[in-house]
Amino acid sequence: MDVTPILGSLNDAQREAVTAPPVPLLVLAGAGSGKTRVLTHRIAWLVGVEGVAHHSVLAVTFTNKAAAEMRGRIETLLDNPAAGMWVGTFHGLAHRLLRRHWKEARLPQSFQILDSDDQLRVIKRLIRDLDLDDSRWVPKDVRGFINRNKDEGRRPADLDADDDPTQRQLAHLYDVYQRRCDEAGLVDFAELLLRAYELWRDNEDLLTHYRQRFRNVLVDEFQDTNVIQYQWLRLLAGPTGVPFVVGDDDQSIYGWRGAKIEHLHRFQKDFPDTKLVRLEQNYRSTGTILGAANALIANNTSRLGKNLWTEDDEGEPIRIYSGFNERDEAQFVVGKIKDWSEQGGARQEMAVLYRSNAQSRVFEEALINAAIPYRVYGGLRFFERAEIKDALAYLRLMVNRDDDNSFERIVNRPTRGIGARTLEVLRAYSQANATSLWKSAGAQIEGEVRGRASKCLFEFMRLIEELDQQTRDLELHERVDIVVNRSGLIGHYGKEPGEKGQARVENLEELVSAATGFMPDEQLEMAPLDAFLAHATLESGVDQGNPWDDCVQLMTLHSAKGLEFPVVFLSGMEDGLFPHRLSVGDSKALEEERRLCYVGLTRAMKQLYLTYAEQRRLHGMDTYGMPSRFISELPQELVEEVRPRVQVSRPVYRPKHGLAQPEAPAGMRLGQRVRHGKFGDGVVLNCEGDGAHARLQVNFEMAGTKWLVMAYANLEVL
DNA sequence: TACTATTTAATTTTT
DNA sequence: TTAAATAGTA
């Protein structure tokens, strides 16, 4: 076989990884070093040269997008379809396992998947039913508790609450929550993983079978694995497995979501003969950008260590711009965007990155003003829209009458005269008799529920029954079409005034076409409707928008991971914003912020701008920040201040009339930079009183925030 | 039951 | 500021 297509385009390190003998392999792949390429070429090598069977390959990633890309690339390389391979996300593969072995996993055959929104609803309901105060037991916190424990493989029985009443109560909530889900046939995201793990752990025959089958396990973005994912992999690999994992400890930015960077270190211990390959040649950025990124990340401790280099030129210096407020900052960025366009560059080659979503707004306004097309990433995805979830709830109830969550969602949507009172009766009955709301409704019609309510409830039940019975033999899209119409959802949302209602109706119609084009994964052997519902939850929809439009890209630093752009603007580079104020003060969190910054820097291919604002409106209040500490961690010789700090065009501080604002003492104003003999440099945040006895609140770079009396502080105005 | 007023809180996000 | 969630009113 000619191995040129597989190896020809690879450098030495990449080739070493791709052609490695069957030992556990850890590829430390820096940003832009061809990580996914190594992974896909490895698969091509295994199949094409080593001659391993397709169906012995399991390749796993985190996002559907990455999985789709991987599958596509494998298919190109192998020029015969990747059929028989398992390529997917952790959740997708776990789901496939559970569908196949639902009996062994002790699940109903048509179990439904809860997304985090659904999960929260279940928890809210639960807290209410248990008569707990939801300000003491905050639903989101309870959800966090449950998911954290599931992510780390713990069941309620594994929790030793000792005599801490809070922990005991939380454990109890977890326990009751889980029982409810089990009764209703509902599986949340974390449960998919945990169940799949337990399935193998508790069924030796199954485990043996899959161990023998999947001799070739490959993992992308390994630094993002959480505890249960890692345990699942270890279980699959067993004592003799040789997993091939690719990751970058410097790009681990999901620690807050349970990802354990330590798994990269642990891997070498758990798999003693691990071969380590470093990919350090970068094919993306200029020498300057890499130099800056390397210098920044060197401030982190406990790294596996890696130094990116490139054959590319040094390129242009990194530009730093200090705006006097966030609008000035945005204006600067827009100016540079125009420059790039005028020089013939495409708009989609530029990305504005920020730490938090709220920051997109001011850029959007500036771009609208300048009539520059843009696209914001993130936000509500298709299957997460309320009207879509309503329609899905109808479909789910048709599949599984005991799905209380869906029942509650749609029993009165559109309104059909089943109010809170009726529902209370049903809930009480369902609690007392440990049965579902649907069955309670059946039992209580002309029982405790009487008159009009009873009739309405009966009508609702008949609607669901009919939708199920009468559409059973139809094509999936016809079923969805009928449900969307006969449920009354179209009519209901059509009545909503304005464009909003119109948009919702269009979305519902879009759902029908999504069903038309839906191709179920034939490996799952599921009924089309079941498969469609699982798909809707597991792949909540690629963000729409017209990718062929030439738009400036706006996104958070997190969503930029894995992407690259010729021109990158890192905006909001202020301490407190980035690094986020909730992360400073905790060295682990701060290091993750630094990695996030590293990810941001390494997105840039040619030009990189870091911008910040001296004054920023946050939550309706003017705040004064200091340049991000990350800026000062970059080597001086690689950066260049775009505009020296002349203060010509600064706005004058104007007190709001009517409010007795303290008169700032001579030479001082809020946001003024000052120097103190002991504390160093800082920014004036606040002021009390006036004259020599005025007290100033100053945020010092080194010493933190202090209140100082003007007369004694001896502050030097900078 | 739907609309309006008030309160509250405010990273990052995939599955 | 603003968006969302809740409480109160027609």
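Hydrogens, waters and symmetry mates play no part in the numbers below; they use all other heavy atoms, side chains included.
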Return the value, rounded to whole Å, for the distance between atom [atom1] of [X] and atom [atom2] of [N].
X	N	atom1	atom2	answer
A:Asp224	B:dT13	CG	P	14 Å
A:Glu384	B:dT15	CD	P	9 Å
A:Leu193	B:dT15	CG	C1'	8 Å
A:Leu590	B:dT12	CG	C1'	15 Å
A:Phe189	B:dT14	CZ	C1'	8 Å
A:Gln229	B:dT14	CD	C1'	10 Å
A:Trp232	B:dT15	CH2	C1'	14 Å
A:Lys140	B:dA10	NZ	C1'	11 Å

Item to check | Check ion pair A:Arg125-A:Glu408 (N to O, under 4.0 angstrom) | outcome: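 Answer for the salt bridge query: yes.
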Next on the checklist: Does this structure show an ion pair linking A:Glu69 with A:Lys65, if we count only N-O contacts that are shorter than 4.0 Å?
Outcome noted: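 Salt bridge: no.
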Item to check | Segment of DNA chain C, first to last nucleotide, that comes within the 4.0 Å heavy-atom reach of chain A | outcome: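 On DNA chain C, the outermost contacted nucleotides are C:dT1 to C:dA3.
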Next on the checklist: Using a 5.5 Å cut-off between ring centres and planes within 30 degrees, is A:Phe90 stacked on the base of B:dT15?
Outcome noted: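 Base of B:dT15: not stacked against A:Phe90.
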Checklist entry - Are the aromatic ring centres of A:Phe189 and A:His95 under 6.0 angstrom apart? => result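 No - the distance between ring centres of A:Phe189 and A:His95 does not fall below the 6.0 Å cut-off.
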Next on the checklist: Is it the case that the ring center of A:His558 lies less than 6.0 angstrom away from the ring center of A:Tyr254?
Outcome noted: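 When the ring centroids of A:Tyr254 and A:His558 are compared, they turn out to be within the sub-6.0 Å range.
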Checklist entry - Which residues satisfy the side chain to side chain donor-acceptor pair (under 3.5 Å) test with A:Ser628, sequence neighbours excluded? => result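 Not a single residue meets the side chain to side chain donor-acceptor pair (under 3.5 Å) criterion with A:Ser628.
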Item to check | Set of residues satisfying side chain to side chain donor-acceptor pair (under 3.5 Å) with respect to A:Arg100, sequence neighbours excluded | outcome: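 Once residues adjacent in sequence are excluded, A:Arg100 has no partner under the side chain to side chain donor-acceptor pair (under 3.5 Å) criterion.
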Base, sugar-phosphate, or nothing: which does [X] touch, judged by heavy atoms less than 4.0 Å apart?
X	result
A:Asn64	sugar-phosphate
A:Asn357	sugar-phosphate
A:Ser116	base

Item to check | Pairing annotation in dot-bracket form, given for DNA chain B with Watson-Crick or G-U pairs under 3.5 Å and | for cross-strand partners | outcome: ||||||||||.....
Next on the checklist: Taking ring pair (Phe, Tyr, Trp, His ring centres under 6.0 Å) as the definition, give me every residue that meets it alongside A:Phe407, ordered by chain and number, with sequence neighbours left out.
Outcome noted: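 Residues passing ring pair (Phe, Tyr, Trp, His ring centres under 6.0 Å) with A:Phe407: A:Phe460.
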Under a 3.5 Å distance rule, please check whether [X] uses its side chain to pair with a backbone N or O of [Y] as donor and acceptor.
X	Y	value
A:Glu574	A:Ala613	yes
A:Thr225	A:Phe222	yes
A:Glu329	A:Gly572	yes
A:Asp403	A:Asn400	no

Item to check | Donor on one side chain, acceptor on other, A:Glu387 and A:Asn507, under 3.5 Å | outcome: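 Side-chain D/A pair, A:Glu387 to A:Asn507: present.
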Item to check | Minimum-distance nucleotide (side-chain atoms of A:His619 versus B:dT11, B:dA10, B:dT15) | outcome: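 Closest of the options to the side chain of A:His619: B:dA10.
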Item to check | Shortest side-chain distance from A:Arg257, nucleotide among B:dT12, B:dT13, B:dT15 | outcome: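 Closest nucleotide to the A:Arg257 side chain: B:dT13.
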Checklist entry - Which residue, A:Ile253 or A:Thr537, contacts DNA chain B at a nucleotide closer to its 5' end, judged by nearest heavy atom? => result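 Residue closer to the 5' terminus by nearest nucleotide: A:Ile253.
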All N/O contacts under 3.5 Å from nucleotides 1-3 of chain B to the protein, with atom names and distances to one decimal?
residue : atom : partner  : partner atom : Å
B:dT1   : OP1  : A:Asn412 : ND2          : 3.4
B:dT1   : OP2  : A:Asn412 : ND2          : 3.2
B:dA2   : OP1  : A:Thr415 : OG1          : 3.4

With sequence neighbours left out, what residues match [X] under salt bridge (Lys or Arg N to Asp or Glu O under 4.0 Å)?
X	value
A:Glu152	A:Arg154, A:Lys260
A:Glu191	A:Lys150, A:Arg155, A:Arg195
A:Lys124	none

Checklist entry - Which letters describe nucleotides 4-9 of chain B, given B = protein heavy atom under 4.0 Å from base, S = only from sugar-phosphate, - = neither? => result ------
Next on the checklist: Which residues pass the side-chain contact (heavy atoms from CB on, under 4.5 Å) test with A:Pro108, not counting sequence neighbours?
Outcome noted: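 Per chain and number, A:Pro108 pairs via side-chain contact (heavy atoms from CB on, under 4.5 Å) with A:Phe111.
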Checklist entry - Hey, can you pull the residues of residues 578-586 of chain A with a non-hydrogen atom under 4.0 angstrom from DNA chain B? => result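 Listed by number, they are A:His580, A:Leu582.
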Checklist entry - Quantified in whole Å, what is the C1' atom distance between nucleotide B:dT12 and nucleotide C:dA5? => result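 Straight-line distance between the two C1' atoms is 22 Å.
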Checklist entry - Would a 4.5 Å heavy-atom cut-off, applied to side chains only, mark A:Arg375 and A:Leu554 as touching? => result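 SC-SC contact between A:Arg375 and A:Leu554 ruled out.
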